[in-house]
Structures are given as C-alpha cells and as structure tokens.
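Here is the structure we will look at.
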Amino acid sequence: MNLREFLLDQGIKEGLLEEVDRFREFYALEGNLALRVPEPAGYFFGKDIWEMCITAILEGEHILLSGPKATGKNLLADNICALFGRPQWNVSFHVNTDSASLIGTDTFIDNRVQLRKGAVYECAIHGGFGVFDEINMAKNDAIVVLHSALDYRKMIDIPGYEKIKLHEATRFIGTMNYEYAGTKELNEALVSRFLVVDIPQVEKNKLMLILEGYFPEADVDKLSQFAGLFLDLQIKSENGEISTKAVDLRGMISCIKTIRRGLQPKLAVGMGVTGKTFDEYEKEIVGDVIRTRIPESWTSEDVFPGK
C-alpha cells in the first residue's frame, strides 16, 4: 500500500489529496533533487492530524509538531515531505548549530571566496521542505535566522551576499518535545510563525497497527505483549518513576527486527529497551517491567512462528 492509498484508507478526503496532486504537478521537482525526497519506512496513523498538516501546508503555512517522545513526529515530517514530493533538508539543533550552518558560510574554492550554502538557503532556492528537529534547542544566533526564514515577507538577507526570496513551495516543519532535557521555552514571536499541531501519546490500538504493519508475520498475542511493554514504560515515565530514555518506539521496533532475525527476545530487549538507560536503579525498574511482559523462556520462533 503506497502513502496515498494509506491516507485514503485512514479516511482523508479524496478532494484534499487531489489538491496535493495539483501542488506536486505545479511545483515540478528538479531531477537532481529526487534523492532528497524521503521514502518513508512506515506511515503515521491519525486522520485529524494528517488533515491539519495537509491543509496548513496547502495554505502556505509552516507547521510545528509538538508532542512527547516516541509519538512519531519525525516520521510524520518525513511522510509529509514524501506526500508533497518535496526535497527535504533536515536540521538537528545542538550547541554548534548557528546562523552560519543554517544559511551558509564563506569557503575558499578555485582561488575565490564563495558561499557554502546551508540547509535553509538550499530549501529557500529549491522549494524544499526544511525539517527543524528539536527546534526548542536552537541557540539565539540560530533563532534570528529562523525568524527571517519563517517571516511572512519570505525573504532572507545573506550577509555579504544578496537577499534571496523563498521559492513559493518552501515550507518549514519544526518538531519539539516540550520540557525535554536541554530544551528551552520558544519565544512567542517564533511560535506565532507556525501553526502548532499537538501530537498525542500513542495508544494501544494505534501501536498495534504500527507493529503489525512492520511485522505482519509475527504472532499477534506476542506482539501485543511488546506493545504492552512500551505502554507500561510510558506510564512509568509519566509518573516520574523512570526517565524517557527507555520509552523508545524506534528501539522497540529495532529490537523486534533482531528477534525476527533469530535473536532471543530476552537479549533483544536488552539492546532495544534496557540498554537505552544507563542508570542502574532505572535499569532494575525497566527490567522488572520487561519480566512481566516478556518471559525469559521465549525464543525467536515463539514471536515469529513461521520462521
């Protein structure tokens, strides 16, 4: 099932998807940028969230995906880029991400000083979709660039070079985990440049759809125990008993992949779940939760009986 068929199956109106088709046709993709269009490893579940994102993008708005860890924000960002068929530039904010890394920096090429273009510059001239991962970790120096790129004037002034106008297809998608370690409050001016989409915690039925999508050959009852393990850890994290480190859906999916490859489940969850936390006390709590869901006697064949 391709992404368009998946969205129709989710209940997205066909008329809305036809508008997306017209967007893709109008803003034809340059051939050498096709490799930058992501190929999603999975699909994001959630009709309302999809409709909010699609309509906002069609109206020329930038969107901010806000939600706890392991709710699929980055997967959704990749899905949006794929649906609209736009090249993606991804910026992950950290202590070294500054205005030069976003716009570009001077470099010496062919005996001349030239601008080595940054992710925001490339997005602006090619009509790409820029994904700002953990935008609430951005330093003040980088936020100045974001204000300019996201402004309604859609112009970016490159110091020492020309002023450039954003391509009409350019959109920016921010992701943030509120109150995540190392983050800070976003200022009001920056938030006002986005439409904010709250991504809720993953629930059991949605989690099972995700896992069954990845592992259709797995035993459903066993898969349900892995889903239950993830939700149990999520509750313990919400209650402050453990950090969010072990609440890692990517880690859970990777762990089940190794079981499919033949690894004993006990060892797999050690890598994909327990190993994500480094505090001994927290490891014990996570280990207790695992033992209630994943018996040590389980083998790979118990989870994947057809292998």
Side-chain angles (χ1 to χ4, degrees), residues 41-42 44-46 49 65-77 92-95 133-137 174-186 197-215 218 221-260 263-298 300 302-303:
F44 182 88
F45 288 84
I49 290 173
L65 308 177
S66 169
K69 182 182 175 185
T71 47
K73 299 183 291 297
N74 289 310
L75 176 67
L76 176 58
S92 185
F93 284 94
H94 52 76
V95 292
D133 194 19
E134 300 297 352
I135 193 172
N136 49 343
M137 294 181 78
T175 72
M176 62 177 272
N177 186 343
Y178 192 68
E179 293 184 339
Y180 201 47
T183 64
K184 61 182 182 181
E185 195 79 25
L186 281 187
V197 180
D198 280 324
I199 312 293
Q201 295 271 23
V202 180
E203 296 175 345
K204 178 77 179 283
N205 59 343
K206 189 185 289 186
L207 186 53
M208 281 303 293
L209 286 172
I210 294 170
L211 293 182
E212 286 175 350
Y214 275 99
F215 308 105
D221 290 336
K222 302 292 190 300
L223 216 50
S224 174
Q225 290 304 314
F226 283 96
L229 169 60
F230 178 84
L231 297 172
D232 289 347
L233 292 172
Q234 190 169 264
I235 291 170
K236 286 208 171 286
S237 174
E238 286 173 2
N239 293 337
E241 296 177 56
I242 59 172
S243 68
T244 57
K245 291 175 184 170
V247 188
D248 183 358
L249 188 53
R250 275 189 291 254
M252 181 71 75
I253 290 170
S254 300
C255 136
I256 301 175
K257 283 180 180 175
T258 62
I259 295 171
R260 184 175 58 189
L263 191 66
Q264 188 182 4
K266 171 191 167 186
L267 301 176
V269 292
M271 290 194 298
V273 182
T274 319
K276 297 299 175 75
T277 179
F278 299 98
D279 180 272
E280 287 303 321
Y281 177 68
E282 193 171 314
K283 273 183 190 289
E284 286 183 21
I285 298 176
V286 172
D288 287 342
V289 179
I290 290 172
R291 279 187 284 277
T292 63
R293 291 284 186 178
I294 315 293
E296 294 187 1
S297 59
W298 275 9
S300 168
D302 290 325
V303 183

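Note: hydrogens, waters and symmetry copies are ignored here, and every other heavy atom, side chains too, is used.
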Taking all heavy atoms of [X] and all of [Y], pick out the closest pair and write down the distance.
{"X": "Asn136", "Y": "Leu186", "result": "CA-CD2, 3.7 Å"}
{"X": "Phe278", "Y": "Lys283", "result": "CA-CE, 4.2 Å"}
{"X": "Ser300", "Y": "Leu263", "result": "CB-O, 3.8 Å"}
{"X": "Ala246", "Y": "Leu233", "result": "O-CD1, 3.9 Å"}
{"X": "Trp298", "Y": "Gln264", "result": "O-CG, 3.5 Å"}
{"X": "Ile285", "Y": "Lys236", "result": "CG2-CD, 3.8 Å"}

Going by atom type alone, with no hydrogens or angles, which donor-acceptor pairs under 3.5 Å involve a side-chain atom of residues 270-277 and a protein atom two or more places apart or on another chain?
residue	atom	partner	partner atom	Å
Lys276	NZ	Asp248	OD2	2.6
Thr277	OG1	Glu282	OE2	3.0

Pairwise side-chain contact, [X] with [Y], heavy-atom cut-off 4.5 Å (strictly under):
{"X": "Thr71", "Y": "Leu65", "value": "no"}
{"X": "Val247", "Y": "Phe230", "value": "yes"}
{"X": "Val303", "Y": "Pro265", "value": "yes"}

Interatomic distance, [X] atom [atom1] to [Y] atom [atom2] [nearest 0.5 angstrom]:
{"X": "Phe93", "Y": "Ile135", "atom1": "CZ", "atom2": "CD1", "answer": "5.5 Å"}
{"X": "Ile49", "Y": "Asp198", "atom1": "CD1", "atom2": "CG", "answer": "8.5 Å"}
{"X": "Ser237", "Y": "Asp232", "atom1": "OG", "atom2": "CG", "answer": "12.5 Å"}
{"X": "Ile290", "Y": "Gln225", "atom1": "CD1", "atom2": "CD", "answer": "13.0 Å"}
{"X": "Ile259", "Y": "Lys266", "atom1": "CD1", "atom2": "NZ", "answer": "13.5 Å"}

Would you confirm whether Lys73, through its side chain, and Thr175, through its main-chain N or O, come within 3.5 Å as a donor-acceptor pair?
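Looks like no, no N/O pair under 3.5 Å.
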Heavy-atom donor-acceptor pair, Asn239 side chain to Glu241 backbone, under 3.5 Å
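Checking the backbone N and O of Glu241 against the side chain of Asn239, no donor-acceptor pair under 3.5 Å is found.
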Got a sec, which residues hit side-chain hydrogen bond (donor to acceptor under 3.5 Å, both in side chains) with [X], two or more places apart in sequence or on another chain?
{"X": "Asp288", "answer": "Arg291"}
{"X": "Asp302", "answer": "Thr299"}
{"X": "Lys245", "answer": "none"}

Taking salt bridge (Lys or Arg N to Asp or Glu O under 4.0 Å) as the definition, give me every residue that meets it alongside Arg250, ordered by chain and number, with sequence neighbours left out.
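Listed in chain order: nothing, the list is empty.
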Name every donor-acceptor pair, under 3.5 Å, that has one atom in a side chain of residues 199-215 and the other anywhere in the protein, sequence neighbours excluded.
residue	atom	partner	partner atom	Å
Gln201	NE2	Glu238	OE2	2.8
Lys204	NZ	Ser224	OG	3.4
Lys206	NZ	Phe45	O	3.3

